[in-house]
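Please read the structure below before turning to the comments.
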Amino acid sequence: MIATGFDLNDPAVIADPYPHYAWLREQAPVYHSTAPDLWILSRYDDVATAVRDASRFSSDLGTAAEFTDNPFSPGMRLPRRLAGIVDRVVPVRTLLTSDPPDHTRLRKKVSRAFTPRRITLWEARINEIADDLVDDLVLASKRGESVDLVRDLASPLPTAVIAEMMGIPAHRHPQFKRWSDNLVDGLLTDGSTPRMLAAAVGIAGFFARVVRDRRRNPGDDLISLLVTPDADGDALSLVELIQFCVLLLVAGNETTTNLVSNAVLALLDRPDLWHAIVADPELAGAAVEEAVRYDSPGQGLLRIARSDTVLNGITIPAGARVLPLIGSANRDPRHWDDPDEFRLDRSRNDHLAYGIGIHFCLGSALARIEAKAALRALAARTPHLAHAEPLARIPSPVLRGLRSLPIHIGADDSSRRP
Ligand code: HEM
């Protein structure tokens with residue numbers, strides 16, 4: 001089993017972090033890792049405190065120029081000159097990484113675009129997009145082609161949805177997806193830094209043109225809404241708009257892809273649960289909620305201790321980088337019954353997968369609708385679904401998900417199209 005210590009970037013941790021988290025929770029709930037230099041929190045209560053308490057734990061990680069030792073992508077070293085470019089584009093000091101009062105001002109301006117009412121209006125269209133993708137993968141399988149759940153459904157679904165919500169024309173979607181993938185891979189996994197920079201520059205120029213266009217010709221899409229001043233006459237600047245659009249891609253695409261892949265994998269590994277969903281698609285909502293707890297797409301967040309702070313009797317020094325492990329909190333037996341069981345009948349769902357407090361995920365309603373749409377479409381058309389090997393994991397300690405999940409579709413399963 002686990003000896004002593006915890007190495008965030010150990011391939012064994014990335015493959016299956018949960019036994020390692022159990023060791024941390026029992027033996028070292030406030031663990032100081034020296035390489036990378038991080039204070040790692042693993043118990044539910046400590047994780048919730050650090051994520052929620054913005055007065056003690058800051059989200060302001062500094063600029064890319066200051067943030068040269070990215071603990072999640074150890075290979076990434078940005079020369080200062082290039083870091084300046086990233087700072088202008090990537091949301092290093094926007095909503096996600098700002099504290100009050102900046103955060104309060106920005107959040108007020110953008111949250112009107114993500115009210116539950118607005119997001120629910122998209123549900124029917126999201127179901128259609130998921131149905132179309134599942135139809136395509138059934139047809140591909142019937143033609144004898146290999147089918148991959150990540151490539152063919154989990155990955156294209158959130159990009160197609162957000163691109164449509166933003167009013168991006170369909171012919172631009174593939175380019176849009178490449179930029180988004182290259183940005184996230186470069187920032188958080190083993191992707192190439194030059195590709196990440198090219199994507200940052202490409203996408204910033206693209207959004208700048210879209211914003212200018214929507215200011216002149218507003219439509220009923222998300223970007224048109226965001227360029228319009230709010231009820232107080234307050235509007236986002238061009239740079240804020242570009243950074244927020246990029247943030248939506250960075251925060252929303254990969255996470256939702258991973259939720260869909262993790263949910264499908266968990267269900268196919270438990271055929272009785274998969275059959276329950278096939279028999280009663282209404283259970284898809286419970287499956288999505290359990291999947292985001294059981295195998296959280298974002299396993300950890302970063303915070304900076306504002307002053308010396310004592311947790312569990314240990315002093316975290318002022319200025320230290322803190323890593324509250326959401327993935328561990330969501331498996332803490334102090335908080336959950338049978339935390340390592342995947343169950344569709346949990347009575348509580350106060351997991352921390354979407355965060356807690358002022359930075360609570362703006363896109364959680366959207367992610368839930370998308371993941372439910374994917375499960376329902378699969379359950380309706382591919383009841384005999386099974387997964388094959390080998391599956392490939394994303395090589396990241398904070399993004400938990402799959403690069404590839406080959407699937408088999410039953411001979412009798414059918415698409416809606418002839
Ligand atoms: C399963 C999918 C998702 C997961 C697990 C997830 C997780 C999270 C978490 C944990 C946070 C809090 C970060 C913090 O406290 O530092 C967050 C914030 C955020 N998420 Fe999500 N997210 C998902 C999907 C989405 C989607 C689809 C969008 C939008 C299209 C989105 C947009 C955002 C934004 C804008 C923030 C920043 C909010 C703020 O700082 O006030 N997320 N998300």
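The residues of the chain are indexed from 1 along the displayed sequence. Atoms within each ligand, like the ligands themselves, are counted from 1 in listed order. Since the structure is predicted, the reported quantities are computational estimates derived from the model, not experimental observations.
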Looking only at protein heavy atoms, what sits closest to atom 34 (C) of ligand 1 is L362 CB, 3.9 Å
Please write down residue, atom name and distance for the protein heavy atom closest to atom 11 (C) of ligand 1. Y354 O, 3.8 Å
Could you tell me whether S364 and ligand 1 have an N or O pair separated by under 3.5 Å? no
What residue and heavy atom of the protein are closest to atom 28 (C) of ligand 1, and at what distance? G363 CA, 3.5 Å
Does any donor atom in the side chain of T97 or D60 lie under 3.5 Å from an acceptor atom in the other side chain? no
Would you call the rings of F176 and H173 parallel, tilted or perpendicular if under 30° counts as parallel and over 60° as perpendicular? tilted
For L259, atoms of ligand 1 separated by under 4.0 Å from a heavy atom: 1 (C)
Show which atoms of ligand 1 fall inside a sub-4.0 Å distance from at least one heavy-atom site of A353. 5 (C), 7 (C), 10 (C)
Would you say R107 and ligand 1 have an N/O pair spaced under 3.5 Å apart? yes
Between L247 and ligand 1, which residue portion shows a heavy-atom distance shorter than 4.0 Å: side chain, backbone, both, or neither? side chain
Polar contacts were defined as any N/O atom of the residue lying under 3.5 Å from an N/O atom of the ligand; does this apply to H103 and ligand 1? yes
Without hydrogens or angle criteria, can the side chains of Y18 and D295 be said to hold a donor-acceptor pair below 3.5 Å? yes
What part of L301, side chain from CB on, backbone N/CA/C/O, both or neither, has a heavy atom under 4.0 Å from ligand 1? side chain
Pick, from A371, A54, C361, the option with the minimum heavy-atom distance to atom 18 (C) of ligand 1. C361
Nearest heavy-atom neighbours spanning L236 and V110: CD1-CG1, 3.9 Å
Exercise: do S59 and H359 side chains pair donor with acceptor under 3.5 Å: yes
Which residue holds the protein heavy atom closest to atom 13 (C) of ligand 1, what is that atom called, and what is the gap in Å? L96 CD1, 3.6 Å
Which protein non-hydrogen atom lies closest to atom 12 (C) of ligand 1, naming both residue and atom, and how far is it? H359 O, 3.4 Å
Atom 27 (C) of ligand 1: which of V250, N258, T256 has the nearest heavy atom? T256
Under-4.0 Å salt bridge between R334 and D332: yes
Quick one: do E289 and R346 make a salt bridge, cutoff under 4.0 Å? no
Side chains of D269 and H387 only: does a donor on one sit below 3.5 Å from an acceptor on the other? yes
Regarding D53 and S55, do their side chains bring together a donor and an acceptor under 3.5 Å, going by distance alone? yes
Options I119, L222, T255, L302, ranked by nearest heavy atom to atom 24 (C) of ligand 1, top entry: T255
Residue I358 vicinity, atoms of ligand 1 by number, heavy atom under 4.0 Å: 41 (O)
Taking atom types as modelled and ignoring hydrogens, do the side chains of S296 and R400 form a donor-acceptor contact shorter than 3.5 angstrom? no
Picking from T315, I316, V30, what satisfies side-chain contact (heavy atoms from CB on, under 4.5 Å) with V310? T315
Between ligand 1 and R303, can you find any atom pair, the residue atom being a heavy atom, that is separated by under 4.0 Å? yes
Near G252, which atoms of ligand 1 are under 4.0 Å from a heavy atom of that residue? 25 (C), 26 (C), 27 (C), 28 (C)
